[in-house]
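The structure appears right after this line, and notes come after that.
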Amino acid sequence: MVDVFSGRLLVSKDGRSVDPEEALQNKVVGLYFSAGWCSPCRDFTPVLCDFYTELLEETQPPAPFEVVFISSDHSAEDMAGYMHAMHGDWLALPFHDPYKHDLKKKYNITAIPKLVIVKQTGEVITDKGRKQIRDKGLSCFRNWLEGADIFQNFSS
């Protein structure tokens with residue numbers, strides 16, 4: 001995953017710059033393609049928030065999972081507003097980073113919301129993260145972990 005964002009900075013919900021190498025190392029990563037103007041996105045974001053919170057705050061040790069939001073908002077202000085109003089405490093690609101277009105192409109994003117689950121290398125574990133979370137809840141994380149080649153004692 002570190003490969004995907006190599007040489008770039010991500011931002012946290014509170015606007016801090018974050019080194020992806022540190023933040024994403026040895027984690028399953030959900031690339032969340034979404035926007036505040038998109039009604040299905042606003043429906044799914046709270047579901048993703050709950051999933052994220054349960055994995056990271058309610059399990060010991062916290063699950064090796066991180067979300068990176070790739071915005072399709074119309075402005076940096078819209079993106080910030082959407083993140084503050086609805087998002088979990090996850091990371092985002094800065095609004096003005098043109099790399100978002102490369103990521104949309106690389107992961108074949110034709111509609112949003114889309115949650116693409118990837119391993120360290122950026123290789124896709126599933127591009128149906130949203131459906132799997134809706135259908136299976138937390139149990140889908142174990143499958144992602146197995147697909148990610150990250151070995152850790154994690155029980156859900």
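Residues: numbered from 1 along the sequence shown.
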Heavy-atom check, side chain of [X] versus side chain of [Y], under 4.5 Å:
X	Y	result
Ile117	Phe141	no
Asn108	Val116	no
Phe69	Leu10	no
Val29	Val4	no
Tyr107	Asp127	no
Lys105	His101	no
Leu55	Pro62	no
Ile112	Cys41	yes

Checklist entry - Which residues pass the salt bridge (Lys or Arg N to Asp or Glu O under 4.0 Å) test with Lys106, sequence neighbours left out? => result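 Per chain and number, Lys106 pairs via salt bridge (Lys or Arg N to Asp or Glu O under 4.0 Å) with no residue.
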Partners passing side-chain hydrogen bond (donor to acceptor under 3.5 Å, both in side chains) against [X] (at least two apart in sequence or in another chain):
X	answer
Lys13	none
Gln132	Thr126, Trp144
Asp135	Lys131

Next on the checklist: Test your reading of the model: is there a side-chain donor-acceptor pair from Tyr32 to the backbone of Pro113, 3.5 Å cut-off?
Outcome noted: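 Side chain of Tyr32 to backbone of Pro113: no pair is present.
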Next on the checklist: Looking at Asp78 and Asp73, would you say the former's side chain and the latter's main chain have a donor-acceptor pair under 3.5 Å?
Outcome noted: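 Absent.
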Closest approach of [X] and [Y], non-hydrogen atoms and distance?
X	Y	answer
Met79	Ala92	CE-CB, 3.6 Å
Leu145	Val28	CD1-CG2, 3.9 Å
Ala148	Ile125	CB-CD1, 3.6 Å
Gly147	Lys119	O-CE, 3.1 Å
Lys136	Ser139	O-OG, 2.9 Å

Checklist entry - Which value, rounded to the nearest 0.5 Å, describes the distance between Arg130 atom CZ and Asp43 atom CG? => result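 So the gap between those two atoms works out to 8.0 Å.
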Next on the checklist: Return the OG to CG distance between Ser17 and Leu91, rounded to the nearest 0.5 Å.
Outcome noted: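 If we round to the nearest 0.5 Å, Ser17:OG and Leu91:CG are 11.0 Å apart.
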Taking only residues two or more places apart in sequence or in another chain, which ones pass side-chain contact (heavy atoms from CB on, under 4.5 Å) with [X]?
X	answer
Lys100	Ile70, Leu93, Phe95
Thr53	Glu57, Glu58
Asp19	Glu21, Glu22
Pro46	Met86

Checklist entry - Any link between Val11 and Leu103 through a network of hydrophobic side chains (Ile, Leu, Val, Met, Phe, Trp, Tyr) touching at under 4.5 Å? => result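 No, Val11 and Leu103 fall in different hydrophobic clusters.
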Checklist entry - Cluster question for you: counting only ILVMFWY and a side-chain heavy-atom cut-off of under 4.5 Å, with indirect links fine, are Leu9 and Val67 together? => result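 No: no chain of side-chain contacts under 4.5 Å links Leu9 to Val67.
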Item to check | Pairs flagged by side chain to side chain donor-acceptor pair (under 3.5 Å) wherever residues 82-98 is involved - sequence neighbours left out | outcome: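 Checked against side chain to side chain donor-acceptor pair (under 3.5 Å) - neighbours excluded - the pairs reaching residues 82-98 are Arg8-Asp97, Ser34-Tyr82, Thr45-Tyr82, His87-Trp90.
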Checklist entry - Passes side-chain contact (heavy atoms from CB on, under 4.5 Å), Phe5 versus Val18? Steps please. => result CA-CA 11 Å; Phe5 293 105; Val18 176; over 6 Å; no
